[in-house]
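Report on the structure given below.
Sequence positions, counted from 1, serve as the residue numbers for this chain. Quick caveat: nothing in here was measured; it's all calculated off a predicted structure.
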Amino acid sequence: MPDAFIWYHADKNMEPGLQHWIEEVEAEAGVRGKLYIRTRQDETTFMESYSDVSRATIDRIEKLAASSPVFQGIERRCESFIQITS
């Protein structure tokens, strides 16, 4: 199964809310994600990663995000990759 990478630009002060979001995804979708941050001078990018998840699980995560007030006004971009090296 693929790994999912979901990234978006958001205010760096959203980090605590996004950490809570990762916990919410685990409770609601049954998958534990990792949260990454990249801060540049003019923008902050967050990325969630979920390992070995089905398309149905990815769809569930995105459905949860669409109904979450945390992501109002934020465009999430989701991509899936299958690991080809060990």
Side-chain angles (χ1 to χ4, degrees):
M1 280 193 279
D3 293 345
F5 301 90
I6 304 167
W7 61 276
Y8 40 90
H9 300 292
D11 187 289
K12 65 182 174 184
N13 295 322
M14 289 184 63
E15 183 178 339
L18 294 171
Q19 289 178 355
H20 177 72
W21 161 251
I22 294 294
E23 295 169 5
E24 184 178 337
V25 169
E26 183 174 19
E28 296 294 325
V31 62
R32 180 71 182 172
K34 295 178 183 175
L35 182 65
Y36 298 83
I37 187 172
R38 177 181 65 199
T39 304
R40 293 190 176 163
Q41 191 172 19
D42 59 339
E43 70 181 2
T44 300
T45 305
F46 289 92
M47 184 176 68
E48 303 165 27
S49 71
Y50 301 92
S51 297
D52 198 29
V53 292
S54 67
R55 181 75 242 172
T57 300
I58 294 168
D59 291 344
R60 174 79 174 133
I61 292 167
E62 288 304 278
K63 186 176 179 180
L64 288 168
S67 66
S68 174
V70 172
F71 295 108
Q72 280 189 333
I74 294 176
E75 181 183 351
R76 293 167 54 89
R77 295 175 181 98
C78 179
E79 300 183 30
S80 298
F81 293 84
I82 296 174
Q83 183 176 340
I84 57 175
T85 63
S86 55

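A 4.5 Å side-chain heavy-atom check between I74 and F46 finds every atom pair outside the cut-off. Residues S80 and R55 have side chains in contact (heavy-atom distance under 4.5 Å, counting atoms from C-beta outward).
The distance from atom CD1 of I6 to atom CD of E79, rounded to the nearest 0.5 Å, is 10.5 Å. For the atom pair CG (D3) and CG (D52), the distance works out to 7.0 Å, reported to the nearest 0.5 Å. The distance from atom CG of D11 to atom NE2 of H9, rounded to the nearest 0.5 Å, is 13.5 Å. Residue L35 holds its CG atom at 11.0 Å from CD of E23, rounded to the nearest 0.5 Å. Here the CE atom belonging to M14 is positioned 11.0 Å from the OG1 atom belonging to T44, to the nearest 0.5 angstrom. Note that SG of C78 is 11.5 Å distant from CH2 of W7, once rounded to the nearest 0.5 Å.
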Could you go through D59 and K63, starting from their C-alpha distance and side-chain angles, then the distance that decides it, and tell me whether this counts as salt bridge (charged side-chain N to carboxylate O under 4.0 Å, His left out)? CA-CA 6 Å; D59 291 344; K63 186 176 179 180; over 6 Å; no
Begin with the C-alpha distance, continue with both residues' side-chain angles, and end with the deciding distance and a verdict on side chain to side chain contact (heavy atoms under 4.5 Å, CB included) for Y50 and I61. CA-CA 10 Å; Y50 301 92; I61 292 167; 3.9 Å; yes
Please test Q19 against E15 for side-chain hydrogen bond (donor to acceptor under 3.5 Å, both in side chains), starting from the C-alpha separation and ending with a verdict. CA-CA 6 Å; Q19 289 178 355; E15 183 178 339; 3.1 Å; yes
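One hydrophobic cluster holds both V25 and V70 under the rule that ILVMFWY side chains link at heavy-atom gaps under 4.5 Å. Two different hydrophobic clusters hold I58 and I82 under the rule that ILVMFWY side chains link at heavy-atom gaps under 4.5 Å. Under a hydrophobic-cluster definition in which Ile, Leu, Val, Met, Phe, Trp and Tyr are linked whenever side-chain heavy atoms come within less than 4.5 Å, directly or via other members, I22 and Y8 are assigned to the same cluster. At a threshold of 4.5 Å between side-chain heavy atoms, the hydrophobic network of Ile, Leu, Val, Met, Phe, Trp and Tyr places V53 and L64 in one connected group.
Put simply, the residue from R77, R76, K34 that forms a salt bridge (Lys or Arg N to Asp or Glu O under 4.0 Å) with E48 is R76.
Between W21 and F71, the angle of the ring planes goes over 60°, which puts this pair in the perpendicular group of the 30/60° scheme.
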